[in-house]
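Following: one structure in structure tokens, then a few remarks.
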Amino acid sequence: MKFIVSSSYLLKKLQVFGGVINNNNTMPILDNFLFELSTNKLTISASDLETTVKGTLEVESDSEGSIAISAKMLIDILKTFSEQPLTFVVKENNVIDISSTTGNYSLAYLDGSEFPQPVALPEANKVSMLGDVLATAIQKTIFAIGNDDLRPTMSGVLFQFTPEGLVFVGTDAHKLVKYERLDIKAEEATDFIMPKKPLNILKSILSGSETEVTVEYNESNAKFSFDNMEFICRLIDGKYPNYDAVIPKENPNKLTLNRSQFYNSVNRLSLFSNKTTHQIRLKVAGSSLVISAEDVDYSNKGEERLTCNYHGEDMEIGFNSKFLKEMINNLDSDEIMLEMSMPNRAGILTPLDGLDEGEKVLMLAMPIMLNNQ
């Protein structure tokens, strides 16, 4: 078994695949990449049992075989080479020889047959979209998900695919994001919950990508196929909370603001807020918005006044500045709208511009009860 491949090309691919591998694996074989060689093709797999990534590279070869090589060792070696062709030759005594332009190196390998095979997805539903659309959907929702082991369904992003469009939802019960693409349809209505780790890897690979991604899914697994790569991951089991029930339908108080100006004020005043509650106060009357924060324990206090466009009754409402900053930062528009009903009901943030055709974003922030209420 022998193949020749570019050092930087191989390293670039392995660094992507390596994101799947855990630091502490229950099975030693999972510390390795699986290399499966056929004529002029090398298929590489990495897995943590929950997520498996598989990709095909073009190499120079006329032999076949499969071996497992230490992921960390191989990546560390490849990082030290400048761009050059490397020759890999598999020897009988469980050793693989690597030859560069300046030297020869030997590495131990394991039998490739020990490596767990990814699950098949029989009778899977299917939908296709641009890579960047999927990356944007993940980016808009993943920051809002929780890390609570007692509520595993909230530690992933809900994918809702229907003939009317696609909906992606992330929530941790304090904040919620609903991202919709009405320009992409699925044949049948279904939903599943994707875990955080594979989502982060997909987001980093697909950001800005014009590649078409095919998503196949059944009750327990989802597969993402693009650019000679496959991502197969186990879904989070459980029923997602009824998120629509917590989105207030009647919100007569509507506040329109410049996004960057609002973010800068909230960011600055968050420094003066209580370090436990992160409470920030919004007081709106007429065309004036007063944002304030106070930490009584340290005598820290800040206040700013912004001119705004407001329709509704005068009101005062408190939010967690940390959550508010995250949400404003994840909107790409110049102008945003904050819709409110009462100080004890959630506020809804939406962008007023910068959206694609068929794209909708809704962000919900739960209020914090103010001291004087």
Evaluate the criterion side chain to side chain donor-acceptor pair (under 3.5 Å) for residue pair S100 and Y105; output intermediate values, then yes/no. CA-CA 8 Å; S100 71; Y105 322 89; 3.3 Å; yes

Show, in sequence, the C-alpha distance, side-chain angles and deciding distance for D62 and T39, and conclude whether the side chain to side chain donor-acceptor pair (under 3.5 Å) test is met. CA-CA 5 Å; D62 56 6; T39 307; over 6 Å; no

What's the shortest heavy-atom distance between [X] and [Y], and which atoms?
| X | Y | result |
| --- | --- | --- |
| V95 | S106 | CG1-CB, 3.7 Å |
| S61 | S38 | OG-O, 4.1 Å |
| A222 | L235 | CB-CD2, 3.8 Å |
| M129 | L166 | CE-CD1, 3.6 Å |

Using the ring of each side chain (for Trp, its six-membered ring), is Y217 parallel, tilted or perpendicular to F161, with breaks at 30° and 60°? perpendicular

Can you give me every donor-acceptor pair (side chain of residues 69-81, partner residue at least two apart or in another chain, under 3.5 Å) with its distance?
from	atom 1	to	atom 2	distance (Å)
S70	OG	M73	N	3.3
K72	NZ	D76	OD2	2.8
T80	OG1	I77	O	2.6

How about [X]: does its [atom1] atom have over 12 heavy atoms from other parts shown lying under 6.0 Å from it?
| X | atom1 | result |
| --- | --- | --- |
| K126 | NZ | no |
| D356 | CG | yes |
| E313 | CD | no |
| D353 | CG | yes |
| D183 | CG | yes |
| K185 | NZ | yes |
| E83 | CD | yes |
| E114 | CD | yes |

Which atom pairs, donor and acceptor, lie under 3.5 Å between side-chain atoms of residues 317-325 and protein residues at least two apart or in another chain?
from	atom 1	to	atom 2	distance (Å)
N320	OD1	K322	N	2.8
N320	OD1	F323	N	3.2
S321	OG	H278	O	2.9
K325	NZ	N267	OD1	3.3

Full working for side chain to side chain donor-acceptor pair (under 3.5 Å) between Q139 and Y179: CA-CA 10 Å; Q139 182 212 321; Y179 180 81; over 6 Å; no

When the ring centroid of Y109 is compared with that of F35, is the distance short of 6.0 Å? no

Check: F159 ring centroid to F168 ring centroid under 6.0 Å: yes

Below 4.0 angstrom, N of the basic side chain to O of the carboxylate: do [X] and [Y] qualify?
| X | Y | answer |
| --- | --- | --- |
| K140 | D332 | yes |
| E326 | K175 | yes |
| D48 | K197 | yes |
| D244 | K178 | yes |
| D314 | K283 | no |
| K41 | E58 | no |
| E230 | K54 | no |
| D334 | R259 | no |

Audit row: S265, L306, side-chain contact (heavy atoms from CB on, under 4.5 Å) steps and yes/no: CA-CA 9 Å; S265 290; L306 300 179; 3.7 Å; yes

Looking at L57, T56, V53, which hits side-chain contact (heavy atoms from CB on, under 4.5 Å) with I44?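 Of L57, T56, V53, side-chain contact (heavy atoms from CB on, under 4.5 Å) with I44 is met by L57 alone.
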
With a 3.5 Å distance limit and no angle check, can you tell me whether [X] reaches the backbone of [Y] through a side-chain donor-acceptor pair?
| X | Y | result |
| --- | --- | --- |
| R305 | V290 | no |
| K275 | S273 | yes |
| N32 | I29 | yes |
| S7 | S82 | yes |

Between I328 and F262, does a side-chain contact (heavy atoms from CB on, under 4.5 Å) hold up when you go through it step by step? CA-CA 8 Å; I328 303 166; F262 187 40; 3.5 Å; yes

Is there a side-chain contact (heavy atoms from CB on, under 4.5 Å) between V59 and N40? Walk through the geometry before answering. CA-CA 5 Å; V59 297; N40 292 333; 5.6 Å; no

Under 4.5 Å between any side-chain heavy atoms of I291 and I280, yes or no? yes

Show your reasoning for whether side chain to side chain donor-acceptor pair (under 3.5 Å) applies to T87 and S99. CA-CA 5 Å; T87 303; S99 304; 5.5 Å; no

Applying side-chain contact (heavy atoms from CB on, under 4.5 Å) to V177 and F143, what does each step give before you reach the verdict? CA-CA 9 Å; V177 181; F143 78 92; 3.6 Å; yes

